[in-house]
Amino acid sequence: MHLAKKTSVLALVVGVLFLTGCKFQYGIGYNQGYSPEQPIPFDHSIHVGQNGIQCQYCHNQVERSNQASIPALSTCMNCHMLVRGDSPFVQKIQQAHAKGESIQWVKVHMLPEHVKFSHSAHVQKGVNCQTCHGPIETMQKVSQFSDLSMGWCVNCHRQPENKAPLNCSTCHH
Ligand code: HEC
Ligand code: HEC
Ligand code: HEC
Ligand code: HEC
Ligand code: HEC
């Protein structure tokens with residue numbers, strides 16, 4: 001979108017929000033519960049719940065960048081060089097790694113392009129993964145826990161103890 005058009009859309013929306021008393025009631029239930037099939041059934045409850053592996057061991061960008069990032073196969077191979085070599089899924093990982101290929105994980109969470117989000121800003125202020133992603137350590141298959149609507153973001157930013165910014169440009173390009 002051109003900047004001028006974008007600005008006028010934002011101006012219009014601001015106007016509407018003021019007229020309606022600034023109640024953010026966007027898109028309740030956007031993809032909430034979305035849980036696509038993955039090319040390999042990766043199970044967080046085995047890795048985190050039963051084996052106590054820290055989130056950051058795999059999602060190792062989450063404290064310093066906007067993205068949490070999905071681990072490379074070399075991270076899996078730290079264990080699966082040996083662990084469960086009899087499993088056809090683990091064999092698939094080993095073969096892909098040997099050929100220098102990657103696994104095409106299907107994205108679960110997806111904000112629209114006009115939204116800016118930063119993991120590090122939240123994680124560094126002590127907001128837990130589970131506050132936003134729910135009990136991942138019990139999930140055999142990841143599913144989207146929060147609705148990721150604007151109302152969800154803004155309601156938390158609005159809590160006085162969070163001192164989080166509310167201006168539009170915080171979250172929009
Ligand atoms: C052993 C590695 C490993 C650990 C430990 C791990 N994850 Fe993951 N995580 C993955 C992989 C691989 C995927 C991609 C496949 C999938 O979505 O299930 C993933 C996917 C996710 C997703 C969905 C990503 C998307 O596409 O939107 C979230 C959210 C997530 N993990 C959060 C966590 C949290 C929170 C913890 C700790 C409680 C954690 N993970 C621990 C490997 C790991
Ligand atoms: C304030 C809420 C919030 C917190 C806290 C949070 N996440 Fe996320 N996470 C999100 C949102 C929103 C997305 C979707 C981002 C997008 O589409 O750009 C996401 C996406 C992800 C993804 C998919 C890859 C990516 O970066 O887009 C992974 C993996 C993930 N989160 C893991 C974690 C882990 C691990 C933690 C804790 C260390 C964590 N998240 C803390 C809200 C949060
Ligand atoms: C720190 C060690 C460790 C890492 C890193 C690790 N795993 Fe595992 N994984 C395990 C353990 C332990 C088990 C459970 C073995 C058992 O008792 O069945 C397991 C089980 C599995 C299984 C189930 C196998 C089956 O057929 O039952 C899959 C699939 C799997 N892991 C995929 C992955 C993927 C993909 C990654 C990288 C994103 C990864 N693992 C990273 C330790 C690890
Ligand atoms: C559970 C509470 C919570 C939720 C949900 C939440 N945030 Fe935040 N957000 C915070 C806190 C706390 C901060 C840190 C404020 C500070 O730096 O003092 C923050 C900071 C930010 C920042 C960095 C601001 C800056 O300039 O430093 C951005 C960008 C942001 N949030 C966007 C989002 C978006 C987009 C969503 C929804 C997809 C969201 N947040 C959901 C609590 C939350
Ligand atoms: C804390 C983060 C945050 C703040 C602050 C924020 N937004 Fe949003 N906004 C989002 C997210 C996330 C979405 C995407 C989800 C949705 O549409 O509910 C969104 C969506 C939108 C949309 C698209 C709605 C649709 O139906 O497609 C518009 C327009 C918008 N915001 C305008 C604004 C304006 C104007 C402000 C300032 C008054 C503002 N936003 C402040 C996070 C935020």
Side-chain angles (χ1 to χ4, degrees), residues 24 26-84 87 89-90 92-93 96-97 101-173:
F24 294 95
Y26 284 101
I28 304 299
Y30 281 178
N31 292 334
Q32 200 167 15
Y34 179 56
S35 183
E37 291 301 326
Q38 298 293 346
I40 289 175
F42 178 81
D43 184 334
H44 279 80
S45 77
I46 292 180
H47 290 88
V48 186
Q50 292 169 31
N51 287 285
I53 309 172
Q54 299 288 310
C55 311
Q56 278 86 342
Y57 181 93
C58 290
H59 302 293
N60 58 16
Q61 295 302 309
V62 77
E63 277 166 67
R64 48 178 175 265
S65 97
N66 290 349
Q67 301 279 311
S69 78
I70 303 296
L73 284 182
S74 56
T75 304
C76 315
M77 289 300 282
N78 290 344
C79 297
H80 289 295
M81 194 87 90
L82 297 170
V83 175
R84 287 302 312 274
S87 154
F89 300 122
V90 170
K92 201 171 155 185
I93 297 167
H97 182 257
E101 291 170 357
S102 53
I103 303 288
Q104 301 300 307
W105 303 108
V106 181
K107 239 180 156 336
V108 182
H109 298 77
M110 236 176 308
L111 288 170
E113 261 182 42
H114 58 82
V115 178
K116 289 192 266 185
F117 179 77
S118 158
H119 272 93
S120 58
H122 292 91
V123 175
Q124 284 177 9
K125 289 285 164 172
V127 185
N128 286 326
C129 314
Q130 283 80 358
T131 305
C132 300
H133 292 300
I136 292 271
E137 65 283 0
T138 67
M139 293 183 193
Q140 294 179 303
K141 184 154 157 279
V142 176
S143 81
Q144 183 179 317
F145 177 79
S146 303
D147 66 19
L148 308 191
S149 67
M150 174 160 149
W152 175 71
C153 311
V154 168
N155 282 337
C156 183
H157 277 218
R158 238 194 217 142
Q159 303 306 312
E161 67 273 20
N162 287 336
K163 298 191 188 72
L166 286 167
N167 48 315
C168 313
S169 64
T170 302
C171 305
H172 292 287
H173 293 287

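Order of appearance sets the numbers: ligands from 1, and atoms from 1 within every ligand.
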From the candidates His172, His157, Lys116, the one that places a heavy atom nearest atom 35 (C) of ligand 4: Lys116
Heavy-atom nearest neighbour in the protein, as seen from atom 15 (C) of ligand 2, with distance rounded to 0.1 Å: Leu111 CD1, 4.0 Å
Met110, CE: over 12 other non-hydrogen atoms inside 6.0 angstrom: yes
Ligand-residue contact atoms, ligand 1 with Val48, heavy atoms, under 4.0 Å: 5 (C), 38 (C), 41 (C)
Within-cutoff protein neighbour (heavy atom, under 4.0 Å) for atom 27 (O) of ligand 4: no
Considering all heavy atoms, the nearest Gln104-Pro39 contact: O-CG, 3.2 Å
Enclosure of Gln54 CD (heavy-atom neighbours >12, cutoff 6.0 Å): no
Heavy-atom pair with the smallest gap, counting every atom of Met139 and Val142: SD-CA, 3.9 Å
Closest heavy-atom pair and its distance - His59, Ser69: ND1-O, 2.8 Å
Angular separation of His59 NE2 and His44 NE2 about atom 8 (Fe) of ligand 1, given to 10°: 180°
For atom 13 (C) of ligand 2, closest protein heavy-atom neighbour: His109 CB, 4.0 Å
Lys107 neighbourhood, listing ligand 2 atoms whose heavy-atom distance to it stays under 4.0 Å: 27 (O)
Residue part near ligand 2, for Gln56, under 4.0 Å between non-hydrogen atoms: side chain
Nitrogen or oxygen atoms of Val127 and ligand 2 under 3.5 Å apart: no
Check: Gln130 and Glu137 side chains under 4.5 Å, non-hydrogen atoms: yes
Proximal ligand 4 atoms for Thr170, defined as those under 4.0 Å from one of its heavy atoms: 24 (C), 28 (C), 29 (C)
Within-shell test, Gln54 vs ligand 1, heavy atom, strictly < 4.0 Å: yes
Gln56 versus Val123, closest heavy-atom pair with distance: NE2-CG1, 4.5 Å
Closest to atom 1 (C) of ligand 2 among Cys132, Cys129, Ala164, Pro112 (heavy-atom distance): Cys132
Asn167/Thr170 under side-chain hydrogen bond (donor to acceptor under 3.5 Å, both in side chains): CA gap, chis, key distance, verdict: CA-CA 6 Å; Asn167 48 315; Thr170 302; 2.9 Å; yes
Contact partition for Asn128 relative to ligand 2, non-hydrogen atoms under 4.0 Å: backbone
Sub-3.5 Å N/O-N/O distance, Phe117 and ligand 2: no
Sub-4.0 Å atoms of ligand 4 with respect to non-hydrogen atoms of Pro165: 24 (C)
Audit row: His172, Val115, side chain to side chain contact (heavy atoms under 4.5 Å, CB included) steps and yes/no: CA-CA 5 Å; His172 292 287; Val115 178; 4.0 Å; yes
Heavy-atom gap Trp105 to ligand 1 smaller than 4.0 Å: yes
Closest non-hydrogen atom pair, Phe117 against His122: CE1-CE1, 3.3 Å
Nearest protein heavy atom with distance in Å, relative to atom 37 (C) of ligand 1: Cys55 SG, 1.9 Å
Closest approach of any protein heavy atom to atom 25 (C) of ligand 1, naming residue and atom: Val108 N, 3.4 Å
Under 2.8 Å: N/O/S of His122 next to atom 8 (Fe) of ligand 4: yes
Proximal ligand 4 atoms for Ala121, defined as those under 4.0 Å from one of its heavy atoms: 23 (C)
Val62, portion touching ligand 2 at heavy-atom distance under 4.0 Å: side chain
Neighbour count above 12 (heavy atom, 6.0 Å) for Glu113 CD: no
Numbered atoms and elements of ligand 4 in range of Trp152, under 4.0 angstrom, heavy atoms: 5 (C), 37 (C), 38 (C)
Subset of ligand 4 atoms that lie under 4.0 Å from at least one heavy atom of Val115: 35 (C)
Residue-ligand contact Met110/ligand 1, heavy atom below 4.0 Å: no
Short N or O distance, His119 and ligand 2, threshold 3.5 Å exclusive: yes
Option of least heavy-atom distance to atom 4 (C) of ligand 4 (set: Ser118, Ser146, Cys156): Cys156
Nearest neighbour in protein (non-hydrogen) for atom 2 (C) of ligand 1: Cys58 SG, 2.0 Å
Ser69, portion touching ligand 2 at heavy-atom distance under 4.0 Å: backbone
Under-4.0 Å heavy-atom contact with ligand 4, by part of Lys125 that carries it: side chain
Distance-only N or O hit between ligand 2 and His133, under 3.5 Å: yes
For atom 17 (O) of ligand 1, closest protein heavy-atom neighbour: Gln38 NE2, 3.3 Å
Atom 18 (O) of ligand 1: nearest protein contact (heavy atom, Å): Val142 CG2, 3.6 Å
Pro36 versus Lys107, closest heavy-atom pair with distance: CG-O, 4.1 Å
Enumerated ligand 4 atoms positioned under 4.0 Å from heavy atoms of Cys171: 32 (C), 35 (C)
From Ala68, Gly126, Cys153, Pro71 - option closest to atom 30 (C) of ligand 2 by heavy atom: Ala68
Residue pair Asn66 / His119, side-chain heavy-atom distance below 4.5 Å: no
Numbered atoms of ligand 1 (with element) below 4.0 Å of Ile53, judged on heavy atoms: 5 (C)
Any Gln130 heavy atom less than 4.0 Å from ligand 2: no
Contact atoms of ligand 4, heavy-atom distance to Thr131 under 4.0 Å: 1 (C)
